[in-house]
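The block underneath contains the structure these notes are about, expressed in structure tokens.
Count residues from 1 along the sequence. All ligand and atom numbering here is 1-based and tracks the order in the structure.
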Amino acid sequence: MQQEAIYVSEPENKEEFTKDFNKFYTVFARMYDLATKIFPFWRRWLKTTIPHIQGPKVLEVSFGTGYLLTQYADRFETYGIDYNEKFVEMLQKKLEQRGQKANIRQGDVQNLPYEDEFFDSIVNTMAFSAYPDGFKAMSEMHRVLKSDGMLVMVDIDYPHSRKGVGMLATKAWIAMGDIIRDMGPIFRQFNFEFTDEEIGGFGSVHLFIAKKC
Ligand SMILES: C[S@@+](CC[C@H](N)C(=O)[O-])C[C@H]1O[C@@H](n2cnc3c(N)ncnc32)[C@H](O)[C@@H]1O
């Protein structure tokens, strides 16, 4: 039987939401990195983005400990931004150890320090649901993306069937604090053409490929 997909309202105190999560990421940064290394399914979800990235200029917003960025940085002129300073430090070290180049920095998706229409692709995984203001975040990513550029996202949503274990999985993500949004209307509002494919988590993890029109 189909169930109702209830999406999550944005928090009232957006600054506090970001700061609280940021404290959590700082404390558990090493564990987060380990989890990315240990769980093959997590790496598999992130890597579904790679065939859809087009260059030359690629920005990853909210790279976390940077596993995904290190997988494609050699192929593109790569930039990255994340709110968490510890994550920036950790990725900088990884890049140095691997002899890779990428222009990474600390910053906020709500105020991206790049010119309009600068990037050919933006990569964003498991992060949109961590932003307290979806409109501001999407406005900024849209602004810095070229016309015909690709926004390649992995994030949580309800399974298309609205049935089964996937519904429980999505609710578990929500219980952990994720702000799950109905992405279709958001992409349409910004005039993106998009596809939405379930890639794991019993249908709770989706790959969104959105082209800026
Ligand atoms: C769940 S983690 C995902 C990390 C990584 N992309 C992955 O898939 O494993 C969410 C990430 O969003 C980042 N983040 C949260 N709020 C942000 C903001 N306002 N601006 C930029 N990054 C932010 C966090 O620092 C964290 O790296």
Which residue is it: V152, V144, V58? I am looking for the one with a side chain to side chain contact (heavy atoms under 4.5 Å, CB included) to I122. V144

Between ligand 1 and D108, is the shortest N or O to N or O distance under 3.5 Å? yes

Considering only protein heavy atoms, which is closest to atom 3 (C) of ligand 1, and at what distance to one decimal place? Y32 OH, 3.2 Å

Under-4.0 Å heavy-atom contact with ligand 1, by part of F21 that carries it: neither

closest protein heavy atom to atom 10 (C) of ligand 1 is Y25 OH, 3.4 Å

Using a heavy-atom cut-off of under 4.0 Å, does the side chain or the backbone of L46 touch ligand 1, or both, or neither? side chain

NZ/NE/NH1/NH2 to OD/OE distance under 4.0 Å, D120 and K146: yes

Within the side chain of R181, is there an N or O that forms a donor-acceptor pair under 3.5 Å with the backbone of E10? no

What atoms in ligand 1 come closer than 4.0 Å to a heavy atom of G107? 20 (N), 21 (C)

When Y32, F21, F63 are each screened for ring pair (Phe, Tyr, Trp, His ring centres under 6.0 Å) with F87, the one that passes is Y32

Under a 4.0 angstrom heavy-atom cut-off, which atoms of ligand 1 come close to D82? 13 (C), 24 (C), 25 (O), 26 (C), 27 (O)

Ligand 1 atoms nearer than 4.0 angstrom to some heavy atom of T125 are 3 (C), 5 (C), 6 (N), 7 (C), 8 (O)

What residue and atom, counting heavy atoms only, is the protein's closest point to atom 15 (C) of ligand 1, and at what distance? Y131 CE2, 4.2 Å

Nearest protein heavy atom with distance in Å, relative to atom 12 (O) of ligand 1: S62 CB, 3.3 Å

Give yes if a backbone or side-chain nitrogen or oxygen of V109 is under 3.5 Å from a nitrogen or oxygen of ligand 1, and no if not. yes

For ligand 1, is there an N or O atom under 3.5 Å from any N or O atom of Q110? no

What do you reckon, does E60 have a nitrogen or oxygen under 3.5 Å from a nitrogen or oxygen of ligand 1? no

